[in-house]
Amino acid sequence: MAWRWFVPVTGQRVVRRALGRRLTRLRVATGKSRREVAEAKLGISEPTLHRIETGKVPVTVANVRALCWLYGIDESITDALSELALGTSQEEWWDANPVIPDWFKLYVGLEASATRICTYEGEVVPGELQTEQYARAVYGAEQAVDDDAADRHVKLRLQRQAALAARDPRPHRTTVLGEGVLTRQVGGPRTLAAQIEHLREAATQDRVEILVLPWTAGAHAAMAGAFRIMDFEDPEDPDVVYLESHIGALYLEEEAEVAEYRRVFALICEAAVPIADFRP
């Protein structure tokens, strides 16, 4: 079996996810259960191993090396996994930011590592494409008026946008917006007009595609709501569908689940038009 270990992952939650999956595969390949590993007297209990393999906790280099020794793994792979272990407790800017909910920090890390991001949004311009004034209007509709909180929120949006723009290479991004996104008067006519112009300019950038699903398309495959699909270069890191609510998020990784959302996204792309060609 060929193993690929050097993966451009970033953010402690994403690194934990990556390392946990690799350690799980190694354990399964040796035919050992978690209980058998715990009974090997490595100082790693069964509950701790479960948390390591599911990416819930930081992992020490000593634990990684002990597990690799037990699984009979060669030195080069052990060294690579040990490097990943160091990243499981290394904070990126979003990890330490108290404004970002914990359930969203995983998304930001995944976004920073994905090679392709496909987004459908029928109600609001996605955060990574919002102008400052539009972002303020959206925040003001969700929260009580608080200038300091709004400033922190908007700063976070802009920081996320800058982080995406600074990636090299940048991810391929395809965004489908319902026509209602471009007609709802978020922030008033001037704010909306500036936002639409910003979207048109963004769509001229390399690796960025913005489509509009017009009202005339009628019923469409994505009427159940907004979603994102994130693809990753390494097959050891499964692609993810991200679904967000007001109180948390759902991350879908099963192949059948991701395939279904890919099917839906392909259907709405067929019915959508480039924003440059869209006329309300």
Side-chain angles (χ1 to χ4, degrees), residues 1-22 24-25 54-55 80 84 87 92 94-95 100 103-122 125-129 160-178 199 202-213 220-222 224-244 249-272 274-275:
M1 180 180 296
W3 300 88
R4 298 175 62 194
W5 301 103
F6 296 96
V7 188
V9 294
T10 185
Q12 58 181 246
R13 288 165 177 79
V14 181
V15 178
R16 291 172 192 174
R17 170 182 179 263
L19 179 57
R21 289 184 177 279
R22 285 153 178 74
T24 300
R25 287 200 63 187
T54 54
L84 275 182
E92 297 286 350
W94 58 85
D95 289 313
I100 306 176
W103 53 262
F104 191 61
K105 288 178 179 179
L106 174 58
Y107 172 80
V108 180
L110 292 171
E111 179 182 72
S113 303
T115 55
R116 183 175 183 85
I117 305 171
C118 297
T119 302
Y120 167 68
E121 180 55 71
V125 173
E128 67 274 12
L129 290 168
R160 230 182 96 207
Q161 292 176 14
L164 267 177
R167 284 189 52 191
D168 184 21
R170 296 180 182 180
H172 292 272
R173 291 157 52 197
T174 301
T175 302
V176 178
L177 304 174
L199 290 169
T204 66
Q205 298 174 9
D206 186 39
R207 302 191 180 199
V208 176
E209 182 180 20
I210 301 176
L211 308 174
V212 180
L213 189 61
H220 60 83
F227 63 89
R228 294 174 184 241
I229 306 169
M230 289 176 282
D231 295 350
F232 301 90
E233 181 178 3
D234 197 296
E236 292 297 314
D237 292 317
D239 301 333
V240 176
V241 172
Y242 173 79
L243 306 173
E244 184 177 314
L250 184 63
Y251 296 84
L252 305 179
E253 298 180 345
E254 295 295 331
E255 288 186 12
E257 297 170 334
V258 176
E260 176 60 13
Y261 275 90
R262 289 195 196 285
R263 184 186 71 83
V264 169
F265 194 75
L267 288 172
I268 60 175
C269 283
E270 289 177 5
I275 193 169

V240 and I229, any side-chain heavy atoms less than 4.5 Å apart: no
Donor-acceptor pair, E257 side chain versus E254 backbone, under 3.5 Å? yes
To check you understand the geometry: which heavy-atom pair defines the closest contact between D239 and V258, and what is its length? O-CG2, 3.6 Å
Looking only at non-hydrogen atoms, find the nearest pair between P171 and A114 and report the distance. CB-O, 3.4 Å
Can you check whether R22 reaches L84 side chain to side chain, under 4.5 Å on heavy atoms? yes
Hey, what do you get for CZ (R160) to CD (E128), rounding to the nearest 0.5 Å? 5.0 Å
pair V208-R170: side-chain heavy atoms closer than 4.5 Å: no
Kindly compute the distance separating CG (L211) from CG (L177), expressed to the nearest 0.5 Å. 8.5 Å
Under 4.0 Å between a side-chain nitrogen and a carboxylate oxygen: does that hold for R262 and D231? yes
We want to know whether Y107 and R228 form a side-chain donor-acceptor pair, criterion being a heavy-atom distance below 3.5 angstrom. yes
Do the non-hydrogen side-chain atoms of F227 and V264 ever get within less than 4.5 Å of each other? yes
Side chain proximity check, E270 to F265, heavy atoms < 4.5 angstrom: no
Taking atom types as modelled, find out whether T174 and R116 have a side-chain donor-acceptor pair closer than 3.5 angstrom. yes
Please report the interatomic distance CG(L199) to CD1(I275), rounded to the nearest 0.5 Å. 4.5 Å
Can you check whether A163's main-chain N or O pairs, donor with acceptor, with R167's side chain at less than 3.5 Å? no
Side chains of E111 and L164: does their closest heavy-atom pair fall under 4.5 Å? yes
Distance under 6.0 Å and angle within 45° of ring axis: R17 vs F232: yes
Within-4.5 Å side-chain heavy-atom neighbours: H172 and C118: no
When every non-hydrogen atom of A221 is compared with those of I268, the smallest separation belongs to N-CG2, 4.2 Å
Report yes if some heavy atom in the side chain of V176 is under 4.5 Å from a heavy atom in the side chain of T119; otherwise report no. no
Once rounded to the nearest 0.5 Å, what's the spacing between atom CE of M230 and atom OH of Y251? 7.0 Å
Starting at CG of L110, measure out to NZ of K105 and round the result to the nearest 0.5 Å. 14.5 Å
P126 and E121: which non-hydrogen atoms are nearest, and at how many Å? CG-CB, 4.2 Å
Looking only at heavy atoms, which two atoms of R207 and P169 are closest? And how far apart? NH1-CB, 3.4 Å
How close do I210 and A202 get, counting heavy atoms only, and between which atoms? CD1-CB, 4.0 Å
Report the C-alpha separation of Q161 and L129 in whole Å, then their side-chain angles, then the decisive distance to 0.1 Å, and conclude whether the side-chain contact (heavy atoms from CB on, under 4.5 Å) test is met. CA-CA 7 Å; Q161 292 176 14; L129 290 168; 6.0 Å; no
Reported OH-to-CG distance for the pair Y242 and L252, which is rounded to 0.5 angstrom: 11.5 Å
